[in-house]
There are 2 protein chains.
Amino acid sequence: MKKQCPVATTMNLIDNKWKILILRDILKGPKRFGFLKKSVVGISSKMLSQNLHEMERDGILNRKVFPEVPPHVEYSLSPLGESMRPIIRSMEKWGNNYLENVKGKQQIKF
Amino acid sequence: MKKQCPVATTMNLIDNKWKILILRDILKGPKRFGFLKKSVVGISSKMLSQNLHEMERDGILNRKVFPEVPPHVEYSLSPLGESMRPIIRSMEKWGNNYLENVKGKQQIKF
DNA sequence: CTGTATCCACAGTGATACTG
DNA sequence: CAGTATCACTGTGGATACAG
């Protein structure tokens with residue numbers, strides 16, 4: 001029985017940048033498909049749909065359908081998804097510091 | 001002038017799972033090419049070389065060549081790379097918790 | 001030991017059109 | 001509104017061989 005790497009385990013569940021950005025948004029509260037489509041800049045309906053399905057399958061988020069016309073679907077965090085908040089927060093902190101202190105002020109290109 | 005998303009900024013610098021795993025290893029101390037090749041399970045020389053170059057270009061890590069025969073190259077963290085430690089640690093924590101408490105014990109598949 | 005060079009298969013993704 | 005279907009394309013990344 002092989003020992004598993006926790007970091008690799010985490011990366012298996014959030015394996016692309018779209019999922020991180022989706023998580024970033026839903027951490028602020030439940031979101032609808034259309035909202036995410038606009039908020040996650042550059043994502044296509046297909047990619048959004050696909051990633052939402054995978055995240056639901058992995059137990060990271062819940063999908064709630066409101067029986068209305070026109071259709072209304074809301075995505076919210078499961079407890080497992082909520083537990084990822086520290087990961088996203090650490091990335092947010094790092095990114096903020098990078099944008100403020102590094103980009104352009106040091107010799108690092110961009 | 002558009003406001004930039006810190007999370008997306010972070011993801012632009014560590015945009016694939018290889019970089020995360022490389023970072024995980026070098027956070028424990030300077031590492032050589034061959035060590036990383038074995039430690040980052042599944043990575044090819046090409047991918048390893050490519051990612052190391054990108055991370056060096058982005059200012060995340062330093063490359064030090066020892067003028068010896070046979071060649072000896074060591075990769076270590078720059079201050080910028082070191083500042084990513086909280087990100088990796090949060091992933092490590094999450095992954096550990098997931099492996100211990102979630103996988104197999106709840107209804108979440110795997 | 002630490003890589004680079006080349007080839008190439010195929011998974012990932014964008015674009016577009018369409019549906020309940 | 002919230003997706004799905006299909007297709008074409010591209011770049012990622014594996015395999016292999018080779019080099020300094």
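Heavy atoms only: backbone and side chains are in, while hydrogens, waters and symmetry mates are out. Naming: A, B, ... by sequence-line order, numbering from 1 per chain.
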Enquirer: To the nearest Å, give me how far apart CZ (Phe66(B)) and C1' (dG20(D)) are.
Expert: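 After rounding, the gap between these two atoms is 19 Å.
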Enquirer: Is any side-chain N or O of Arg32(A) closer than 4.0 Å to OP1 or OP2 of dC1(D)?
Expert: no
Enquirer: Round to a whole Å and report the spacing from CD of Gln50(A) to P of dT4(D).
Expert: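 Going from CD in Gln50(A) over to P in dT4(D) covers 10 Å.
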Enquirer: Please state how far atom CG in Asp15(A) lies from atom C1' in dA11(C), giving the value in whole angstrom units.
Expert: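 Asp15(A) atom CG is separated from dA11(C) atom C1' by 13 Å.
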Enquirer: Under 3.5 Å, is there a donor-acceptor pair between the side chain of Thr9(B) and the main chain of Gly95(A)?
Expert: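 No, Thr9(B) side chain to Gly95(A) backbone: no donor-acceptor pair under 3.5 Å.
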Enquirer: Strictly below 4.0 Å: does His53(B) bring a side-chain N or O up to OP1 or OP2 of dG3(C)?
Expert: no
Enquirer: How far does CG of Asp15(B) sit from CG of Asn51(B), to the nearest 0.5 angstrom?
Expert: 7.5 Å
Enquirer: On DNA chain C, does the nearest nucleotide to Trp18(A) precede the nearest nucleotide to Pro71(A) from the 5' side, or the other way round? Give the residue.
Expert: Trp18(A)
Enquirer: Distance check needed: dC1(C) P versus Lys37(B) NZ, whole Å only.
Expert: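 Value for this atom pair: 11 Å.
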Enquirer: dT2(C) C1' sits how many Å from Lys64(B) NZ, rounded?
Expert: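 Taking NZ of Lys64(B) and C1' of dT2(C), I get 17 Å after rounding.
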Enquirer: Should Leu36(A) and Ile26(A) count as side-chain neighbours, where that means a heavy-atom distance under 4.5 Å?
Expert: yes
Enquirer: If only atom types and distance count, is the side chain of Asn16(A) paired as donor or acceptor with the main-chain N or O of Lys19(A) below 3.5 Å?
Expert: yes
Enquirer: Whole Å only: how far is the NZ atom of Lys19(B) from the P atom of dT12(D)?
Expert: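 One finds 11 Å between P of dT12(D) and NZ of Lys19(B), rounded.
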Enquirer: With a 4.0 Å heavy-atom cut-off, tell me which residues in residues 39-49 of chain B come close to DNA chain D, sorted by residue number.
Expert: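 Result for residues 39-49 of chain B: Ser44(B), Lys46(B), Met47(B), sorted by number.
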Enquirer: Round to a whole Å and report the spacing from CG of Leu21(A) to P of dT13(C).
Expert: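 In whole Å, dT13(C) P lies 13 Å from Leu21(A) CG.
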Enquirer: Give the rounded distance in Å between these two atoms: CD of Glu74(B) and C1' of dG3(C).
Expert: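 Whole-Å distance recorded here is 16 Å.
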Enquirer: Side chain to side chain donor-acceptor pair (under 3.5 Å) with Tyr75(A): which of Lys31(A), Glu56(A), Arg63(A)?
Expert: Arg63(A)
Enquirer: Treat each ILVMFWY residue as a node, draw an edge where side-chain heavy atoms are under 4.5 Å apart, and state whether Phe66(B) and Leu52(B) are in one component.
Expert: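 No, no single cluster joins them.
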Enquirer: Among dG3(C), dA2(D), dT4(D), find the nucleotide with the atom closest to the side chain of Tyr75(B).
Expert: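 Comparing dG3(C), dA2(D), dT4(D) against the side chain of Tyr75(B), the answer is dG3(C).
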Enquirer: Grab the two heavy atoms, one from Met47(B) and one from Ile43(B), that are nearest each other, plus how far apart they are.
Expert: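 Shortest heavy-atom contact: CB-CG1, 3.6 Å.
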